[in-house]
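Everything on this sheet refers to the single structure shown next.
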Amino acid sequence: MGNPLLDISAVVDDAFLTKYDIKLNNGILAEEKHLPMYDELASKSDVEYIAGGSTQNTIRVAQWMLQTPGATSYMGCIGKDKFGEEMKKNAQAAGVTAHYYEDETAPTGTCAVCVVGGKSSLIANLLAANCYKSEHLKRPENWALVEKAKYIYIAGFFLTVSPDSIQLVAEHAAANNKVFLMNLSAPFICEFFSDAQEKVHQYVDYIFGTGTEAKIFAKVRGWEDENIEEIALKISQLPLASGKQKRIAVITQGADPVVVAEDGKVKTFPVILLPKDKLVDTNGEVTLSLEVFSLSWFWARASKTR
């Protein structure tokens, strides 16, 4: 489950960032001051539209890796509009079984992707994505997807929308010995939604995040003097719900080594640098590189234990 958003991506300059008070390499929710930005981005000649949202991007990558039609499913809220129709077509084309809740009044959510010099920042305007209700999750045809699932992934962004839905799924995963995965998602989630985060993290088997997110997560808990390896270890050792045996924490650091904490031990994995002239997706530094590495690592691990 997550926030389905239509990405509006374009190259901007420093003046644009200053105008809308945007910092690079960051992910935030849109405020009033950001709203005119979406039309300005849409007016650019190089604008691109991408059916996304953190969790939806992740599940599409998982579906692509599995190469089995219908092996994955997804839930979230969209509007009854042309962007919503585009979202549904995109999910179907990707092979994902998408059961969207369609809101009658709110338009489909969007995400501004502001790119400067190979770096980017994400500003999400949730709109309909913010309207998801747990009543939709509880419908028999939708809950059947939860019961069918063996692995469940939800990004931390969804804590701002429907924490009760996350709780229902997390408790189901724990009760049925399923693998539950979650992402720290953004510094503001770790800082301002720490209570909701802590409540659900007791059910999480795998926690993914970036170094920046991990440091904020640690600061909120009074670990600010720790390095990334120590933070990852402490995250892996946070209390777990009854019946859970252990947790694995995976922290990416851009071009620096990926840190994995498990069973009281920490391992690091070097990142193979890609020349700038080979870069295709300039948004990858913020989101997709984490999602692809996390899923690649997780599925490789899971295939060994089947």
Side-chain angles (χ1 to χ4, degrees), residues 1-3 5 25-30 53-59 75-77 111 122 124 126 129-130 132-134 137 146 151-175 178-226 228-244 246-253 259-262 286-287 290-291 294 298:
M1 294 186 296
N3 300 331
L5 302 173
N25 291 333
N26 198 12
I28 62 173
L29 293 177
S54 177
T55 308
Q56 188 163 227
N57 280 335
T58 302
I59 205 65
M75 280 181 269
C77 185
C111 181
L122 311 178
L126 296 183
N130 204 34
Y132 189 83
K133 304 290 189 297
S134 59
L137 172 66
V146 179
Y151 305 96
I152 300 171
Y153 171 78
I154 303 175
F157 289 120
F158 205 54
L159 287 169
T160 72
V161 174
S162 189
D164 55 330
S165 296
I166 299 177
Q167 195 69 26
L168 284 170
V169 173
E171 291 175 0
H172 166 84
K178 295 181 176 182
V179 178
F180 186 48
L181 310 94
M182 204 160 184
N183 200 308
L184 298 179
S185 292
F188 83 92
I189 297 292
C190 301
E191 187 169 7
F192 301 113
F193 293 86
S194 58
D195 290 345
Q197 198 177 51
E198 195 160 331
K199 184 177 180 181
V200 74
H201 273 189
Q202 63 178 310
Y203 299 98
V204 180
D205 301 294
Y206 291 79
I207 294 181
F208 303 103
T210 67
T212 303
E213 294 157 5
K215 287 179 181 178
I216 297 297
F217 185 93
K219 183 178 179 180
V220 170
R221 287 157 181 78
W223 308 343
E224 60 265 39
D225 294 331
E226 309 284 2
I228 292 297
E229 292 187 14
E230 291 168 330
I231 292 171
L233 187 60
K234 286 191 174 183
I235 291 175
S236 72
Q237 294 174 333
L238 288 171
L240 282 160
S242 176
K244 294 289 185 177
K246 64 179 181 179
R247 176 188 294 110
I248 296 172
V250 181
I251 307 298
T252 63
Q253 304 183 88
V259 177
V260 178
E262 176 185 10
V286 179
T287 54
L290 171 62
E291 311 294 3
S294 300
F298 172 73

Practice problem: Give the intermediate values and the outcome of side-chain hydrogen bond (donor to acceptor under 3.5 Å, both in side chains) for residues Asn183 and Tyr153. | Solution: CA-CA 8 Å; Asn183 200 308; Tyr153 171 78; 3.2 Å; yes
Could you state the interatomic distance from [atom1] ([X]) to [atom2] ([Y]), rounded to the nearest 0.5 Å?
X      : Y      : atom1 : atom2 : result
Asn25  : Leu122 : CG    : CG    : 9.5 Å
Tyr203 : Gln167 : OH    : CD    : 5.0 Å
Leu238 : Leu233 : CG    : CG    : 10.0 Å
Met1   : Ile166 : CE    : CD1   : 6.0 Å
Leu181 : Tyr151 : CG    : OH    : 9.5 Å
Ile251 : Leu184 : CD1   : CG    : 5.5 Å

Exercise. I would like to know whether Met75 and Tyr132 meet side chain to side chain contact (heavy atoms under 4.5 Å, CB included); could you show each step before the answer?
Key: CA-CA 9 Å; Met75 280 181 269; Tyr132 189 83; 3.7 Å; yes
Quiz item: Should Ile228 and Lys215 be marked as a side chain to side chain contact (heavy atoms under 4.5 Å, CB included) after you check the CA-CA gap, both sets of side-chain angles, and the distance that decides it?
Solution: CA-CA 7 Å; Ile228 292 297; Lys215 287 179 181 178; 3.8 Å; yes
Quiz item: Counting only heavy atoms not in Lys199, do more than 12 fall under 6.0 Å of its NZ?
Solution: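 At most 12 heavy atoms, drawn from other residues, nucleotides or ligands, come within 6.0 Å of this atom.
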Quiz prompt | The single option from Lys234, Glu198, His201 passing side-chain contact (heavy atoms from CB on, under 4.5 Å) against Phe217 | solution =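 Of all the options given, the one that passes is His201.
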To check you understand the geometry: which heavy-atom pair defines the closest contact between [X] and [Y], and what is its length?
X      : Y      : answer
Ala129 : Leu5   : CB-CD2, 4.0 Å
Ala232 : Ala249 : O-CB, 3.5 Å
Ile216 : Cys190 : CG2-CB, 3.9 Å
Met182 : Val200 : SD-CG1, 3.7 Å
Ile235 : Ile207 : CG2-CD1, 3.8 Å
Val220 : Glu191 : CG2-CA, 3.9 Å

Practice problem: With side chain to side chain contact (heavy atoms under 4.5 Å, CB included) as the test, would you mind laying out the steps for Leu137 and Val169 before giving the verdict? | Solution: CA-CA 9 Å; Leu137 172 66; Val169 173; 4.0 Å; yes
Quiz prompt | Ring geometry between Phe188 and Phe157 (parallel below 30°, tilted from 30 to 60°, perpendicular above 60°) | solution =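 Ring orientation of Phe157 relative to Phe188: tilted.
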Quiz item: Okay, side chain of Asn130, backbone of Val161: is any donor-acceptor separation there less than 3.5 Å?
Solution: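 Pair absent, no side-chain N/O of Asn130 close to backbone of Val161.
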